[in-house]
Amino acid sequence: MTTSLLTSPASALLVGALALLFTRGIAHKIILLGFPVLALILVFHAPTGSVTANYLGYALTPIRADALALLFGAVFALAAFLGALFALDRSSTLELSSALVYAAGALGVVFAGDWITLFVWWEIMAIASTLIVVCGGEKAYRPAFRYALVHFLGGVLLMAGIAGEIAMSGNTTITSLKPDSWPRWLILAGLLVNAGAPPFWAWVSDAYPASSWSGMVFLSVFTTKTAAYVLMRAFPGVEGLIWIGLVMAVYGIVYAALENDIRRLLAFVIVSQMGIKVAGVGIGTPLALNGVAAHSAAAVIYTALLVMVAGSVMRQTGKTRMSDLGSLAAAMPLTAFACMIGALAIAAFPLTSGFVSKSMIVDAAAKQHLPGVWIALLAVSAGVVLHAGLRLPWLVFFGAPKPRIAAGDPPQSMRIAMALAAVLCMVIGIVPDGLYVMLPHQVTYVPYTASHVLVQLQLLSFAALTFYLMRDLLKPQPGITLDLDWLYRRPGAWLACGFDDLTAGAWTRLVSGINSKAAWLHDLLVTHHGPTGTFGRTWPTGTMAFWTTFLLGAFLLIAALG
Amino acid sequence: MRDTRRTSKAPLTTLTGKDMRKAALVILIVLVLFDLVVKHHEVFGIDGTFGFVAWFGALACFCLILLALAVGSLLRAPESTYDD
Amino acid sequence: MNAVTAQLPALQVVIPLLGAIIAAFLRRGTLAWAWAALITALTPVIAFAQLHQVWTNDTISYRMGGWPPPIGIEYRVDLLNAFVLLLVSLVSTIMMPYARRSVAHEIDGDKQAWFYCMYLLGLAGLLGITITGDAFNAFVFLEISSLSTYVMIAMGRDRRALVASYQYLIIGTIGATLYVIGVGLLYLVTGSLNFADIGTRLAEASAAYPRPVLAGLAFLFVGISLKLALFPLHVWLPNAYAYAPSFATAFLAATATKVAIYLLLRIVFSVYGVAIDLNTLPVSTVLYPLSIAAMFIASILAVYETNLKRMLAYSSVAQIGYITLGIALMNQAGLTGSVVHLFNHALIKGALFLALGAIVYRAGTIKLDDLGGIGRTMPLTFAAFVFAGMSLMGVPGTAGFISKYYLIVGALDAGLWPIAFLIVASSLIALVYIGRAVEVAYFRPIASAPANAKDPPLMMLVPILVLTFASIYFGIDTELSAGVASRVAETLLGGLK
Amino acid sequence: MGGFENFFAHYNYVATIVLMVAGLYIVIARGNMIKKLIGLMLFQTSVYLLYIAPGKIIGGTPPILDANFTIYSNPLPHVLILTAIVVGVATIALGLAIVSRIHEAYGTIEEDEIIARDDQE
């Protein structure tokens, strides 16, 4: 058992993270690239079935390798490799080491067979990802802190839920649950915080853009997708998730359409894409779940690709605002090309990975006779042109020429990483069977029918037409769009200040209040005593002694009455 | 240096001209006409009708843009909003 | 060898007691420290031998001076106090290497020997309270430990230490006096001072004199509550902890309140519980609201506290709330949670206060606002603070989680799910106050005080790291902490009427 | 036995309670640190009485083992209270020492003035 725990992909990455801290130069780079590859190999050599252990008298299953776990494990290991390759030039050892720990956490969650193990890895992810945000530099400190707070809140909700669930059902294994008791609601809430669901979705667009050009690649891959994964395992077919997912999808599109900063825009895109997956989990049929699994796998790659593109632009030009960018295609041809592939994939254009995966979810809604959901998913698919599908590549790489920016394509390692990701997007789109065999449910699905292709082409081209006609209304403008985080960043802060004053005064007032009551009693009983209000003054020892007497009396009174 | 960039940019500017717009229009029309040939799996009645996806895609996008503009007019704020 | 083994209970107290007197004559600080460290190091050995004996055989009963109980004073070691003895002595031993530099930094050279004398007296007192089976003897040890504590607090550098010490003296003496009044009432109705013996006689006495028996409980309860800083009787604690020398704060936080809680457990379960149905006594009724108030009000006070020592002191009051909550639950899981939190909290707070002491040693301040960037200039120290802080919040995989886990299970077993919810909710507040320190330490520009600070010397660093490691380790291996605690809970509940 | 007789039959308890309450009252109501200590002393003294008084039996002799006397006072409370007195003396001595140090440091021993000064800092 011990050996299989040590050779689990997650533990391997933890070892790699540790090794990174103590190496320099070429060894450093080899470790950075080698351990994700090792993890990928280990995923495919994971012990079939499950490994069990014991903790606090509960049977734990640190490793459960079934089809779904293997798919996500492979994709995460692959993404860790791509991210590491992209970040090869990055000098922050803390960020790279945290990235490997973060990937380890994600793999740990994927292979966890019980809630307790899952939770430990979940928290490791939260800590490691916070550190990645922190590595974005001085301006990232406050967003990182808010990020940490939201994730700890999610963690606490999850912990309470898990504890309650175990206490009530005695079962630690992760199985499909119905939210019919408060612990299960808490678990669901904890998962949704990480999935970027309302009302806590603002952490994505708050923290991710604060990270470094390389850090956001890792961030975009793991947290939200593991949440989708656990939701698939624990809450398939919970109807409310459909509506939460659709709200997320629309929110992401609307905010991305208004956004000026390319990396914030991508953060909204991530939420929007998550929305489609969450809705798919809510539909819950085998086809829908297959769709969610496939779409998560595809999304990991194309989102990472788009984030890499944004990272390259940020690194090469030092700018992230679209109002400062434009016509970069000539200067950064390969980056522009990668961006277009990513855009096509996210728009689910035929022959890309997005097409072969997203259509499964949309079809599942149709097969399940959910017309409203189907229509909404179609609309959301059309809305993609408003963000990464068209708006982002248009404004950054083509669009109106801006004052010329002296920049070229990024260094070789970054170019290779983007090229690899772009190739993967196409390969999956052209030969989807490789992905389909790894899906958890046995469903035969043919993506390339004339009808499917035509629907998608019509949808996208006419949406693009609308966007083209109305493009001037969505010009990038400086500024931000207020989000739900306003609630805790503004009134929250005022409230905290007010509360501060309140509590500082409250104790004194409470004590003096009680003291003045006592003084009144005292005047009543011993009228000949000197100046009044002797009790009214706050004397800690006197007050303490008074409280002591009070408690003594209360105790006796309760005893006498009881 | 500057010259090479200018030359590499030239074809792009010509491509985004009138010709390209005409080509795009032709593609759009051809795509809709394909609906006469390809059979859709009709699920809800409306979705099999001629050109449904085309006009729906355009309309959905239009509505989303309107929604975005509404949200933008209500909630846009300067970037310095949270600087404390 | 056997002759020594038989005398272990007496040696447990006598060694530090005599050691204290000798320490006073060792005029040089370093010499006194070495002596105190040696003496302290002997105590866990004895404690461990006793725990081993109790675990494998049975309760140890030692007749002080050869007088048989209940006439003579009996030292009685069962699983509960063997556990507390080991905890107190072990934590003190781990902290001792830290003491030399910290004490030399904060206390004048000619007074250091006195400080170690007082420390050993305090240790002897705490061990004495724990080991004795005699109610009046416990009072004497209570006063020994208290008097030495007052002196230790008054040795703080700030003049406010004097006021804090004076206030604690007044309150502590009232507490001890209330305790001795309670013991007196019990003595009047049962004619005995031996805990076990009072327990066997109390049922009869309670039938004849119900009111003095109840009044006795009230006095004992309130007296001990003062000592363990049960909300709202905690007001002495923040100042005492804040202005005492750093080492004294860590020592007191880790041991003194824990021993008081032990005494409460002893009185409630081994004296009253064996004779009277506890449900008819108002212990739970009083403890529930006060514990919950402590968990929330003290935690919120901690959130808005800018002096880190006071912040942790308020946090201690809140954590004591958790422990008393477990006592109030009076079921297997709840009581296990209490006892295991007694253990875990000693480790956690020991680590946290030692880390603060190191910050005082290097940066010279513990005002939160002056400590910007301290996490980057004292990386190991503050990393320890963060990890111990995580344990304090109850992050899974840490010792603090184990405690809260048992408490939540206990609350659910008792059918009180709102309390389970409150436990989780109040943990969130701990997240806020630890988070505030983390924010300042890592996310703010480096301020002037921490700019030249660095991690403390190895002798100070190692105890911090050991205690931090322990507060994580006991979240993974729960054999010693939760294993013993659950057997303790079983024994305590098994004896109930 | 009526309430009145009951009262006087237990007059030693009445004295104990009066001392106890008076002592505690001084601690609560007085701001002068030395007066507080005096209150504390009174409070402790009440405990001595609580223990000693019931040990005395009317007509009993001192506890000396002798065949002629069978009724004697209980010696245990006296022993206990001797210890308690020592503890009490030590406490008061320490308290007075601290008060004198406080006087050196603050120039006053009125608790409210001291607290006001600390608050100003």
Side-chain angles (χ1 to χ4, degrees), chain A residues 55-57 116 119-120 122-124 127 134 138 140-142 144-145 148-149 152-153 155-160 162-164 166-168 182-183 186 496 499-504 506-507 510-511 539-545 547-562, chain C residues 163 166-167 170-171 174-175 178 211 214-215 217-219 221-223 225-226 230 232-233 235-236 239 280-282 285-286 290 297 300-301 303-304 390 393-397 401-402 404-405 408-409 412-413 417 420-421 423-425 427-428 431-432 435 438-439 442-445 476 478 482:
Chain A
Y55 179 74
L56 283 180
I116 297 171
F119 190 81
V120 173
W122 194 266
E123 289 299 299
I124 288 175
I127 295 165
V134 168
E138 199 102 349
Y141 290 170
R142 299 199 77 83
F145 190 61
L149 286 183
F152 278 116
L153 171 75
V156 169
L157 290 173
L158 191 61
M159 175 181 86
I162 290 172
I166 293 173
M168 285 172 85
W182 64 264
L186 288 176
F499 194 61
D500 199 356
D501 299 340
L502 202 74
T503 43
W507 178 249
L510 185 69
V511 169
W539 294 331
T541 34
T543 317
M544 280 292 303
W547 273 108
T548 312
T549 328
F550 177 81
L551 193 63
L552 197 63
F555 195 103
L556 286 170
L557 202 65
I558 295 169
L561 293 175
Chain C
V163 183
Y166 173 83
Q167 289 179 339
I170 299 285
I171 298 309
I174 291 176
L178 291 179
R211 273 192 276 176
L214 269 182
L217 179 64
F219 279 103
F221 180 88
V222 176
S225 296
L226 274 171
L230 179 69
L233 309 180
V235 183
W236 59 268
N239 278 337
T280 63
L281 297 175
T285 326
V286 174
L290 296 185
I297 298 178
I300 291 171
L301 287 169
V303 169
Y304 292 107
M390 276 163 52
M393 290 173 224
V395 174
F401 171 73
I402 304 296
K404 299 220 171 118
Y405 167 77
I408 290 172
V409 172
L412 292 174
D413 282 352
W417 65 265
F421 176 77
I423 293 170
V424 177
S427 304
L428 271 180
L431 166 66
V432 178
V438 169
E439 194 250 349
Y442 289 108
F443 301 141
R444 282 204 196 158
I476 298 162
T478 59

Checklist entry - Does the pair C/L226 and A/M544 meet the rule for a side-chain contact (heavy atoms from CB on, under 4.5 Å), with working shown? => result CA-CA 9 Å; C/L226 274 171; A/M544 280 292 303; 3.9 Å; yes
On a heavy-atom basis, which atom in [X] and which in [Y] lie closest, and how many Å separate them?
{"X": "C/P232", "Y": "A/W547", "result": "CG-CE3, 3.6 Å"}
{"X": "A/A545", "Y": "C/I171", "result": "N-CD1, 4.1 Å"}
{"X": "A/L552", "Y": "C/A218", "result": "CD1-O, 3.5 Å"}
{"X": "C/L233", "Y": "A/L551", "result": "CD1-CD2, 3.5 Å"}
{"X": "C/P282", "Y": "A/I558", "result": "CB-CG2, 3.5 Å"}
{"X": "C/L412", "Y": "A/G164", "result": "CD1-CA, 4.3 Å"}

Please flag which part of [X] lies under 4.5 Å from any non-hydrogen atom of chain A: side chain, backbone, both or neither.
{"X": "C/W236", "value": "both"}
{"X": "C/S427", "value": "neither"}
{"X": "C/M393", "value": "neither"}
{"X": "C/L178", "value": "side chain"}

Item to check | Region of A/L158 that comes under 4.5 Å of a non-hydrogen atom in chain C | outcome: neither
Next on the checklist: Are there over 12 heavy-atom neighbours, none belonging to A/W182, within less than 6.0 Å of that residue's CH2?
Outcome noted: yes
Checklist outcome for this item: With sequence neighbours left out, the residues meeting side chain to side chain contact (heavy atoms under 4.5 Å, CB included) with A/M159 are A/F119, C/P396, C/F401
Checklist outcome for this item: Counting heavy-atom pairs under 4.5 angstrom with chain C, the leader among A/T548, A/V134, A/V120 is A/T548
Next on the checklist: Counting heavy-atom pairs under 4.5 Å with chain C, which one of A/W122, A/F152, A/F550, A/F145 comes out on top?
Outcome noted: A/F145
Next on the checklist: Quick one, A/F555 with C/F221, criterion ring pair (Phe, Tyr, Trp, His ring centres under 6.0 Å). Give me CA distance, side-chain angles, the key distance, then yes/no.
Outcome noted: CA-CA 9 Å; A/F555 195 103; C/F221 180 88; 4.8 Å; yes
Atom [atom1] of [X] and atom [atom2] of [Y]: how far apart are they, to the nearest 0.5 Å?
{"X": "C/F421", "Y": "A/L186", "atom1": "CZ", "atom2": "CG", "result": "7.5 Å"}
{"X": "A/E123", "Y": "C/M390", "atom1": "CD", "atom2": "CE", "result": "7.5 Å"}
{"X": "C/L431", "Y": "A/L153", "atom1": "CG", "atom2": "CG", "result": "8.5 Å"}

